[in-house]
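A short worksheet on the structure shown next.
Being a predicted model, the structure only gives us computed values, none of them experimental.
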Amino acid sequence: IFISFLLMLTIKFKTFSTLNANNINNYKLKLIKLLNQRINKTIIQELKPTYHRFHMVDPSPWPILTAFSAFMLTGGFALYMHRYEGGLFIFSMGLFLILINASFWWRDVIREATFEGQHTSNVQQNIRTGMILFIISEIMFFFGFFWAFFHASLAPNPFIGGVWPPVGIIPINPWLVPLLNTFILLTSGLTLTWAHHALRAGIYKETILGLSLTIILAIIFTLLQLHEYKDANFSIADGVYGSTFFMTTGFHGFHVIIGSLFLIVCFIRILRKHFTRNHHSGFICAIWYWHFVDIVWIFVFCFIYWWGN
């Protein structure tokens with residue numbers, strides 16, 4: 001039995017050796033073909049684009065750089081207000097860096113939306129939702145200033161004379177520059193709405209005209225506000241009246257400047273045909289922001305300028 005087993009193994013080995021000698025090239029070709037199929041399948045699966053309606057944002061340096069610039073801006077402003085040496089320089093550098101970072105950040109967003117086609121309908125909806133949440137946070141921001149104003153004006157402290165406006169404060173006449181600014185800002189809202197409807201109708205000439213008028217009115221509003229500050233008979237250091245007045249109107253003016261920059265960017269994009277009748281989420285966000293600025297100013301005029309006078 002043992003000898004028979006050895007003979008069987010010998011025959012099998014010789015048969016395999018003969019097979020291996022005759023078909024070794026075929027086996028190699030089949031093995032290489034199989035390996036190539038596996039490798040190609042893996043590569044295709046890795047390189048195959050994922051088709052979905054959302055935008056996976058690439059890593060960007062602008063958020064951290066903008067945060068650092070904002071820290072320099074606020075820190076330099078605090079140092080300047082306390083009259084520390086170098087505070088104005090740090091504030092100016094922070095403002096300059098914020099403008100540079102915002103320019104590059106907007107450039108990347110415009111590139112993703114216009115040239116790469118990353119802003120699908122879902123992405124546009126998410127952007128608008130984010131803008132709505134941002135405006136709600138801004139409402140809460142101004143709510144704090146109005147809370148401070150009403151807290152001080154509805155129950156005046158004896159230290160300010162028990163009256164509002166406090167003793168010694170000559171308030172600004174609401175029927176002069178404030179009323180004119182109200183008319184200018186409300187008119188800018190109308191011209192901006194006109195520009196939006198013209199864009200949706202595909203009339204680009206009227207869109208450019210309406211947006212140009214809006215930007216001009218925004219600049220006039222800012223210049224009149226600066227003139228009003230220059231001629232005011234009180235300052236931010238004049239007790240609770242001065243602090244609430246200048247903090248509320250000042251931050252509103254800051255939002256007007258931000259909104260003006262927003263509209264200028266949209267104006268340039270319209271000139272370059274970046275917006276279409278159905279794809280202009282950036283312009284819609286700018287319109288919402290500007291109408292928010294208009295509404296806040298109505299409250300500022302009615303309560304701080306008129307009622308608080």
Quiz item: Is any side-chain heavy atom of F245 closer than 4.5 Å to a side-chain heavy atom of Y305?
Solution: yes

Tell me if the centroids of the rings in [X] and [Y] come within less than 6.0 Å of each other.
{"X": "H279", "Y": "H274", "result": "no"}
{"X": "W164", "Y": "F149", "result": "yes"}
{"X": "F142", "Y": "H255", "result": "yes"}
{"X": "W290", "Y": "F262", "result": "no"}
{"X": "F246", "Y": "Y229", "result": "yes"}

Would you say [Y] and [X] are linked by a side-chain donor-acceptor pair, where the criterion is simply a distance under 3.5 Å?
{"X": "Y241", "Y": "S153", "value": "no"}
{"X": "T214", "Y": "S188", "value": "no"}
{"X": "R272", "Y": "T114", "value": "no"}
{"X": "W62", "Y": "D108", "value": "yes"}

Quiz prompt | Exceeds 12 heavy-atom contacts within 6.0 angstrom, atom CZ of F141 | solution = yes

Self-check item: Positive for side chain to side chain contact (heavy atoms under 4.5 Å, CB included) with H291, one of I135, T193, V296
Solution: T193

Quiz item: Side chain of H227, backbone of L223: donor and acceptor closer than 3.5 Å?
Solution: no

Quiz item: Any donor-acceptor pair under 3.5 Å linking the side chain of N101 with the backbone of L65?
Solution: yes

